[in-house]
Number of protein chains: 4
Amino acid sequence: MDGTKQQRRGNTRQRIQDVALELFAEQGYEKTSLREIAERLDVTKAALYYHFKTKEEILVSIFEDLARPIEGLIEWGKEQPQSLETKREIIRRYSEALAGASRLFRFMQENQATVKELRIGELFRTRMMGLRDILIDPKAELIDQVRCVSAMFTLHAGMFALNDIDADPEERRKAVLEVATDLITQAHEGMKAS
Amino acid sequence: MDGTKQQRRGNTRQRIQDVALELFAEQGYEKTSLREIAERLDVTKAALYYHFKTKEEILVSIFEDLARPIEGLIEWGKEQPQSLETKREIIRRYSEALAGASRLFRFMQENQATVKELRIGELFRTRMMGLRDILIDPKAELIDQVRCVSAMFTLHAGMFALNDIDADPEERRKAVLEVATDLITQAHEGMKAS
Amino acid sequence: MDGTKQQRRGNTRQRIQDVALELFAEQGYEKTSLREIAERLDVTKAALYYHFKTKEEILVSIFEDLARPIEGLIEWGKEQPQSLETKREIIRRYSEALAGASRLFRFMQENQATVKELRIGELFRTRMMGLRDILIDPKAELIDQVRCVSAMFTLHAGMFALNDIDADPEERRKAVLEVATDLITQAHEGMKAS
Amino acid sequence: MDGTKQQRRGNTRQRIQDVALELFAEQGYEKTSLREIAERLDVTKAALYYHFKTKEEILVSIFEDLARPIEGLIEWGKEQPQSLETKREIIRRYSEALAGASRLFRFMQENQATVKELRIGELFRTRMMGLRDILIDPKAELIDQVRCVSAMFTLHAGMFALNDIDADPEERRKAVLEVATDLITQAHEGMKAS
DNA sequence: TATGAATGAGGATTCATTCAT
DNA sequence: GATGAATGAATCCTCATTCAT
């Protein structure tokens, strides 16, 4: 695309990740072959194996790089008091994190069946449960738990399932965030009451 | 498993659909091979091709059979007044419909990337938009639209993303339905106000 | 095409041959499946097996029915004096026979590789050699033998290789016949001279 | 057969073409499976796909390599005056070219039905029409056009249809060439006269 | 840092054929 | 005189992966 072979020396690993994520998000993991990735980069398949041990490892490395902010977010959240303020802040930041790695999360959402069997499935699941445990007490009322999960799903879905609603993406994100915040707030109130 | 060859004559088509859906939902569409389906049924792959023209057709036929109730629901909804009562009734029935074909909808949710490229992608999309148009005026405030979509996603997600929350499935469904109803109600009120 | 199931009762065998030859000639023997033939006739594949033991048998039966006139021609030729007059008459009649079963002969020409392995390969070969032995003495000069074979090939090729030359088919056949006759005549003169 | 794995490194592509052509010519294109080709070469089917994208591509590559001389011949012929001398020279050279790639042309002749549907069908057709347009004016008398086409067919057929005439192959070729030259000559005279 | 050449396993699909009804 | 259901063998082709260079 943008450079001669000389210019791109040294950043092949990165370029592989970029192209791979683009294709994974577009067509799914299984339907994207290493041949395709290699062709787009104008290298051979074998070159991919110089940089990554397996196809799955490409995906894992992408996940590890892009999901790091969320890990940080959870770490941070765990140390805060479980106040409503904290929770609101968490999902605010989570929403931003999602927006910052939207291709990855779109991929995760659309390829759940695949991801489940892969190593990142476990990684992701763990993170999600970490998040949930910050947002809601596991002993809270069932309905409040549902509200929390619903909030999280709303954030996820908000990134791509709403493409047909025409609105400025940033505005849309704000609206999504507001709905999620409402849900979290209700869940929080519910807990206190009980 | 349960029958001799004689006994199962005449319902092979049905049995293929059953086993296929089970495997599709369990492992994903791409990862499920026709060999696998055939083996489970103790027939040859060629037998599958006697009943269905392609692998995709198996899936389509399953979808057409199981998603019919939803089609009816939408049809019905379109003829009702757009009152809050109608909307509540719609999502109540929708929730039931989902529960009645949960394996299919779990499959749809977890294999979005795959489904997108397949014929059922379009079919499903159309139905969803039909539903949405009953629940919310396309000219409503952005946030109310988000609430509606959020409600729908909550219903979907409620079926399988909540497996780790231990609760009686039917109770869980009720809780999910309540949250969704709340969202719809808020959206409805929002519309009236504006 | 032309009839209800009732009307076509009793002539299915014939209809199979017709459709089969049409498809064989159009797409080749290997590329034509029994499914295709059955579909065009609106019967099942199994019905074909009621009338013919194998796919090859369909072809053989067609050949036997349509190539009969040529067999007669050869029989007749063998009993005539080997005069130029006889030879001319032979190829004149042969040209007519070809025109009368042009689809079959077009098929034979275009599917030589296939036909070679089939039973009709031998049948056809035998007939051709019978014809040749009438037209030329096996001990004649090499060049005269070539002329004879060339004449036969000209007749064959004339039926379909000349489709791009626009001319009335019957006129074309006449022209082809004339060229072939010339060749035979030359060959005959050559023989006498030696 | 003749070499260890080490020895044959680097010329696999070529060897595939050789074996493929041999089998295609012997048994026909459809009846020759890639498995068969691979087995003869003692490589896997996948190895074939490393060198050629499809089965058809193997054939196309063979054609392109072997039919090149004829292309040159046509090019040359187009620039010459349309004299009898030129025409004779053309078919003389054409006869040589055919002899030089006899397996390919035998294949083309015996697999016309197959070839028609393949890409090389068009390629071949174009070449043949190029040749014809050099040999005869499209507005010439019908019979003279037939003579030209007959000459070409005689050359083609002469390569394999005459196997049962026992004679030294080179002598046979000469005889065939002579007959074809006669036909061309007659056609040329005919044109001048009209 | 890469490539060229190859593999082994498996994919979906098609085919001619069979046979009980 | 035909069908419905099924089979076994084969097809082309694709994939992730390996390894010597």
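Just so it is clear, the values below take in all heavy atoms, side chains as well, and ignore hydrogens, waters and symmetry mates. Predicted, not measured: the structure shown is a model, and the values here were computed from it. The sequence lines fix the lettering, A, B, ..., with proteins before strands; numbering per chain opens at 1.
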| request: Please determine, for dT21(E), whether a Watson-Crick or G-U wobble partner exists with both distances under 3.5 Å, and give it or none. | output: dA2(F)
| L34(B) side chain: which of dC12(F), dT13(E), dA16(F) is closest? | dT13(E)
| field | 5' priority, DNA chain E, between A46(B) and A46(A) [closest heavy atom] | value | A46(A)
| In whole angstrom, what separates Y49(D)'s OH from dT14(F)'s P? | 7 Å
| said: What is the distance, to the nearest angstrom, from the CD atom on E30(C) to the C1' atom on dT14(E)? | reply: 14 Å
| remark: In I62(A), T12(A), L66(A), the residue satisfying side-chain contact (heavy atoms from CB on, under 4.5 Å) with Q17(A) is I62(A)
| field | Rounded distance in Å - NZ (K31(A)) to C1' (dG11(E)) | value | 14 Å
| request: Provide, to the nearest angstrom, the distance between the CD atom belonging to E56(A) and the C1' atom belonging to dT17(F). | output: 14 Å
| said: When you measure from the side-chain N and O atoms of S33(B) to the phosphate of dG10(E), is any distance below 4.0 Å, counting only OP1 and OP2? | reply: no
| remark: Comparing nearest nucleotides in DNA chain F, the 5'-proximal residue of the pair Y29(A), K45(C) is K45(C)
| request: Provide, to the nearest angstrom, the distance between the CZ atom belonging to F52(D) and the C1' atom belonging to dT14(F). | output: 18 Å
| Using a cut-off of less than 4.0 Å, is there contact between a side-chain N or O of H51(D) and OP1 or OP2 of dG4(E)? | no
| field | Along DNA chain F (nearest heavy atom to each residue), the more 5'-positioned of T32(A) and T44(C) | value | T44(C)
| said: Taking pairing as Watson-Crick or G-U wobble with both contacts under 3.5 Å, can you name the mate of dC15(E), or confirm there isn't one? | reply: dG8(F)
| Hey, does the side chain of T12(A) come within less than 4.0 Å of dA2(E)'s phosphate (OP1/OP2), counting only N and O? | yes
| request: Scan side-chain atoms only and decide if E117(B) and Q27(A) contain a donor-acceptor pair under the 3.5 Å cut-off. | output: no
| query | If you draw the axis of the six-membered ring of Y29(C), does the NZ or CZ of K55(C) fall within 45° of it and under 6.0 Å from the ring centre? | reply | yes
| Does a nitrogen or oxygen in the side chain of R35(B) sit under 4.0 Å from OP1 or OP2 of dG11(E)? | yes
| task | Grab the CZ-P distance between R13(C) and dA2(F) for me, whole Å please. | result | 13 Å
| remark: Result for 5'-nearest mapping on DNA chain E, choosing between K55(B) and A47(D), is A47(D)
| request: Starting from C1' on dT7(F), measure out to CD on E39(B) and report it in whole angstrom. | output: 15 Å
| task | Find the distance L48(B):CG to dG8(F):C1' and express it as a whole number of Å. | result | 14 Å
| Ion pair present between R106(D) and E110(D), side-chain N to carboxylate O less than 4.0 angstrom? | yes
| query | Within the structure, does a side-chain N or O atom of Y50(A) lie under 4.0 Å from either OP1 or OP2 of dA2(E)? | reply | no
| request: Output yes when R40(C) and E22(C) qualify as a salt bridge under the 4.0 Å nitrogen-oxygen rule, no when they do not. | output: yes
